[in-house]
Structure formats: structure tokens, C-alpha cells
Amino acid sequence: MISFLKKINLKTESHVGDLIFFWILKFFALLFIFLFISMALVIFIKSWHAFSQFGFSFFVDTSWDSWRKELGALALIYGTVFSSLLALLLAVPISVAFALFLNEIAPRWLATCLGFLVEMLAAVPSIIYGMWGLFVLAPFLREKIQPVLSENLSYLPLFSGPYYGIGMMSAGIILAIMITPTISSLCKEVFKIIPVTNKEAVLTLGATRWEMFKTAILRGGSSGIMGAVFLGFGRAFGETMAVTMVIGNKVNLSASLFAPSQTMASILATQYAEADSKLHLSALTAVGFTLFVVSVFFNSASLFLIWRMKKKWRT
Amino acid sequence: MFLKYFLLVFFCLSFLPSCFFKKKEKELLINGAGASFPYILYSKWIKEYKKEKKDVKINYQSIGSGGGIRQFLSGTLDFGGTDIPVSSEEEKNQKKIVHIPTTLGAVAITYNLASLKNQTIKLTGELLADIFRGKVKYWNDSKIQEINREISFPSKKILLVYRADGSGTTSFFTEFLSLKSPVFLKEVGKGKSVPWPFGLGAKGNEGVMGLVRKLEGAISYIGLSYAISQNLPRVAIKNKDGFFVQPSLSSLQFTAMQALKDKEAYTESLIDKKGEESYPISGYTFFILSKLPEPKGSALLDFVKWSLTKGQKFSESLHFIPLPPPVRWEAIKKLSSLKN
């Protein structure tokens, strides 16, 4: 924008209205950069107390104990990554398949309807998902699914231990439902970028429809799909309310899907208002800072991947 | 063109309401925040007080005791609310703080055992500590059975449900358990949020209640007013004099009176007090006040005084416990030190 305005050389043509408009826009654009940097800075300063106290061990210590002042984020990071990966595992195949179906197979009217419905999923407030998880999903898992899994597969660490319905499994499923619209709508955009000529070329070579999907769309759009996955991961990573309600809120390093756990976002939601001591508060802020950095990383990686793919197919 | 004039007129009109409202006399705004447990009671007080004093507007936000203390000490609030007295460590470089008790609270132990109907479970502090640190695992454990001979317990596993958010309720409860069992203090600790060895965490009293209701065999601790209003079963706990007491309005008032009789300051905890009817996990919740400049100072003092006198009669209908009169008098005496 700025370079464009410079090109038409505002100052010599000097239309006062344009000039004022230019500065107003510039001000707002810079304001966002300023907000972003100052936010990161403030969170970092507030978490400095904890970082200086614990050093790097903050990220490898598994206990979260405000009473004994042993505060480590590993179990929280583990819970966050585990639940997000679980969500991706469930959501990615469904989302990609769904996007393929809408773009390539479904008739136009059906695609519009379904596309609209899935986007609506993204508009549902997360606390509604949380309540649904608590009142419908968790009891269903406890009564119907988990007893079967526990009986037949309890030799796997993934399905060991007692089950309550609430825990890692319900958190993963709720997150998967929440990130499906994000991933599928982005995949839809990505698949649209791939030129029709590519698909036709593959088909004329005698490929079946499935082979066309595989070679032209999925392989051609792989970096775009990765971008969508990263964005979904970022969303699952930072999801707070719904996860807090169904994950069981126990700081815990357990491989079991039945076990209650805690994520970085959910511990902030539950403990920040009533932190015991300065150190506890600072450690929570440090968790927030970690969350901030990781989210920024995944979101920018996603933007970068999609940008790269667009560039590849547009030239 | 029309659009331009329309916007101009709209812009001018938007200032109109402020012209009218400015003529009204300025309201005195007093801001408070803190403990969430007495929030319903405080809201009622503020509403009723407003009917009497129209020119004073009082705000109270339920942000939690910790937040209340922090914001009060940093000077962003005119008064704070807390379940736990401000520690001398927090207070040290600050203005003089006065604690005014507003209502009594207690931690009730509740459970979900469908096979027990209208029978009161009795537990001792030591046994509770053993249950909550995961040593006693089943409801029909011989230690539990021994105290409750008339009850036949199912061989259900005990499932612990705890407050995942930092909370004064947890603080009171772990304080009591630590006092009764040094092993509990060593293994779990005490404070607003502690690392419970097993079980599930839920947010807030309502979250805890939701989980307990759903999970057969669950045991948890919950604010008394919540337990009363939701009609949850309450465990009778053995007090210092050896009596098993269920938390209730009368047992809490008895506890407070007993402490007063023993000439203890009300900022001391009410945990594990003597007396045959004393409920061992009780406590006050407080307003924290300090000297304020006029006219705010006297307006706030008037409200606090009102809440200690007329306000107390609203407590019971909201399932809160009114302070026994001698405690009110004591608190009103304390207020005079804040007069300018």
C-alpha cells in the first residue's frame, strides 16, 4: 500500500484529502504492529521473574506445585501438544476429504449448502462446545465407548487406567470438531488455486478420478494443506474454554487417553485469577508467553506455506 | 450529498443525551472487587442499599480473593473482598488495612453414593486426609466402616473431584487437612491450588457439583451456601471436642461465638475450634478497607455499617449465614478507626 502510494507520488500531486487519508491509514497499520510488539514485551517482562528463577528447567520440570514453589511447564506443554495432535489426527483426514468432496464431486447446490453449514460450526462460541462436551460427549464416552476400549485394549498404554469420560479423549474430540471448519475451508481455498488445466492434463493421461485427486490435487496442494494443518494446530493449541470444561484439569504426564490432563491455556483460565504468590503469577504469565510464541510461530508458518503455494501456481 | 447532511445531523444528535444527563447530580462511584463466594450476597446488598442512598453507586466484581487483594493493595479499588485475611507479608509496605467480616462460610464435604439415602456419613479429619491423598481407596474401607457402623457402603472406588481453579474453598479445606495430618501436608500441601494426587478437576463450585452429580462414588468439597441451596448431602465431621457435626447455619454461628468467647481476633481462622457444636472447617469472608479521602470514605463506611446491620437480614434467604450479633458489634467498633 505504502509503496503504491509512493509510486503515484503523493507529495507533488498534493491533494490534501489523499494525504490525510494516507497518514490515517498508515497510523492504523503501524498501531497494530505497535500493539503486537508491546503485548509480547509486557507478557515477557511479567514472566521474567519466573524465567530467571527457574531458567531452562521451567520447560523440563514436570511438577506444577504452587505451594512448594516448584513450577514447571512440561506437563502443560505435553497436555497441549497431545490434545492438539489428537485433534489433528481426527480432523485432518475428515477435513481434507470434505474439501475434496465439496470442490470436485458434490453438485454446486449441495456444495454451497454443506460449505455454509461447516462454516457455521466455526461461528459457534467455544463455551457451547464445552457444555456439549461435558453434558453429552463425556457421558457417552464413559458409558458406551471407553468401557469397550478399556476391556479389549487395556494392555496399550493409550487405553490404560480408570476412565471418567472427562479427560484427554473428550478434549481431543471436541478440539477436532472445532478445528474441522478451519482446516476444511482453508483446504477448499487451496484446492481452488490449483489450475483446472493440471487436473485435465492428468485425466487425459488416463488417470482415474482417485489418481487425479492423488497426483494433481493432494500432491500439488501439499504445502497448502500443510498450511491449513498448521493453522488448525494453532487454533487447537490456544483453545481455552471448551478444553477446560472437558479435560479434567489435572497437571499430569500420562500416555493414557482416559487420564485427565491440563493444557497451557486451560491452566491460565483456571488459576490466573487466584494465583497464590508472585512467583505463581509470574510462572502463569510465562506459560502465557510460551503459548504466545508457539501460536505466533504456527500461524506465521501457516501463512508462509500458503503464500508459497499461491506463488507457485500463479506464475 | 444527503448522506453527508444526514451524518452531520446524526453526529450532532449523538451528543444530545449527554446534555440532559449532565444536569443530573453526579453519582459517587465506589469500586470494589474480590472473593467470588459472597458475590450473590454483596450484589443483593448493593441493590438494596441503592434504594436507600440514591446518590451512591457501588460496584463489586467477583474476580477472586487473590485478585481482590492484589488490586486493593495496588490502589485500583476502593475496597476489596477476600476469604483469607491479607497476610502480613503482603501487607508490609502498605497502608493500614482493616478486615471487616461480612458473612460466615464453611467447606462442606459432599459425595455421590446412590445407595445411601438420607443417611449421614461421619468422617474424621485424619480419615478425610487419607481419602484426599489417595490412601483410602474404596468406600467400604474398614476405616470408614468403623465410624459408620449403621451404614452399609458399596465397594465403589472413591473418586476425588477438586477445584481446578485457585480458590479460597481449597485453601480452607487443605488448611484443615494439613492441620489434621502432617503426612497430607508433606504429600499434597496447602494453598489455593494444590497438586492433588488423583481425581478430576472442575472450575468453580458449579463445575464441581456438575461432576459429582454425574460420577457415582465421587467425593468433593464445596462452599456451604452452595451445598445448602443445591441440597447436596453433607458429611458430618469430627470436631476438636470429639463430636460429629454437620455444617449448618447454627453450627457455624456457634463456631463464631465460641471463637469470640475465647477472645480470639476474628482475623484468626475458625478452623478446628473447640465447642461441641463447632464445625471444624469454617471461616469468615471479609471486606478489606483502608482510609479513603472524603467524600468516598464516609460513603463507604456508611455502606459497610449498613451491611453489618440491616444487610444481615438478607443473608439467610440467599443461603448465607448471618453474623452473630456480638461479631457485628465487634466489627462496627473496628470501623471507627477508619473515620477521617
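Predicted, not measured: the structure shown is a model, and the values here were computed from it. In what follows, chains carry the letters A, B, and so on, assigned in the order in which the sequence lines appear, proteins first and then strands, with residues in each chain numbered from 1.
- The candidate with the highest count of non-hydrogen atom pairs below 4.5 Å against chain A, out of Gly210(B), Gly68(B), Gly189(B), is Gly189(B).
- For Leu160(B), no part sits under 4.5 Å from any heavy atom of chain A, backbone or side chain.
- Top candidate by heavy-atom pairs under 4.5 Å with chain A, chosen from Gly207(B), Gly67(B), Ala164(B), Gly204(B), is Ala164(B).
- For the pair Pro260(A) and Gly199(B), the tightest heavy-atom approach, listed with the atom from each and the gap, is CG-O, 3.6 Å.
- Shown here are the side chain to side chain contact (heavy atoms under 4.5 Å, CB included) partners of Ile24(A), two or more places apart in sequence or in another chain: Ile20(A), Phe28(A).
- Only the side chain of Leu281(A) comes within contact range of chain B, with at least one heavy atom under 4.5 Å from a heavy atom of that chain.
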Can you list every donor-acceptor pair under 3.5 Å that links chain B to chain A?
{"from": "Ser65(B)", "atom 1": "N", "to": "Glu274(A)", "atom 2": "OE2", "distance (Å)": "2.5"}
{"from": "Gly66(B)", "atom 1": "N", "to": "Glu274(A)", "atom 2": "OE1", "distance (Å)": "3.0"}
{"from": "Gly67(B)", "atom 1": "N", "to": "Ala273(A)", "atom 2": "O", "distance (Å)": "3.4"}
{"from": "Tyr162(B)", "atom 1": "OH", "to": "Asn249(A)", "atom 2": "O", "distance (Å)": "2.9"}
{"from": "Gly166(B)", "atom 1": "N", "to": "Thr270(A)", "atom 2": "O", "distance (Å)": "3.4"}
{"from": "Leu185(B)", "atom 1": "O", "to": "Arg68(A)", "atom 2": "NH2", "distance (Å)": "3.1"}
{"from": "Lys186(B)", "atom 1": "O", "to": "Arg68(A)", "atom 2": "NH2", "distance (Å)": "2.4"}
{"from": "Val188(B)", "atom 1": "O", "to": "Arg68(A)", "atom 2": "NH1", "distance (Å)": "3.3"}
{"from": "Lys192(B)", "atom 1": "N", "to": "Asp276(A)", "atom 2": "OD1", "distance (Å)": "3.3"}
{"from": "Lys192(B)", "atom 1": "N", "to": "Asp276(A)", "atom 2": "OD2", "distance (Å)": "3.4"}
{"from": "Ser193(B)", "atom 1": "O", "to": "Ser66(A)", "atom 2": "OG", "distance (Å)": "3.1"}
{"from": "Trp196(B)", "atom 1": "O", "to": "Lys250(A)", "atom 2": "NZ", "distance (Å)": "2.9"}
{"from": "Gly201(B)", "atom 1": "N", "to": "Gly248(A)", "atom 2": "O", "distance (Å)": "2.5"}

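- Taking a 6.0 Å sphere around CG of Leu90(A), one finds it holds more than 12 heavy atoms contributed by other residues, nucleotides or ligands.
- Residues meeting the side chain to side chain contact (heavy atoms under 4.5 Å, CB included) test with Ala108(B), sequence neighbours left out: Ile222(B), Leu224(B), Ala227(B), Arg234(B), Pro247(B).
- Neither the backbone nor the side chain of Pro162(A) comes within contact range of chain B, judged by heavy atoms closer than 4.5 Å.
- Only the backbone of Ile63(B) comes within less than 4.5 Å of a heavy atom of chain A; no side-chain atom from C-beta onward does.
- With a 4.5 angstrom heavy-atom cutoff, Leu159(B) touches chain A only via side-chain atoms.
- Ranking Val194(B), Ile84(B), Val188(B) against chain A, the residue ahead of the rest is Val188(B), based on heavy-atom pairs under 4.5 Å.
- If you measure heavy-atom distances from Val161(B) to chain A, you find no contacts under 4.5 Å at all.
- Judged as a side chain to side chain contact (heavy atoms under 4.5 Å, CB included), and not counting sequence neighbours, the contacts of Met131(A) are Phe135(A), Met245(A).
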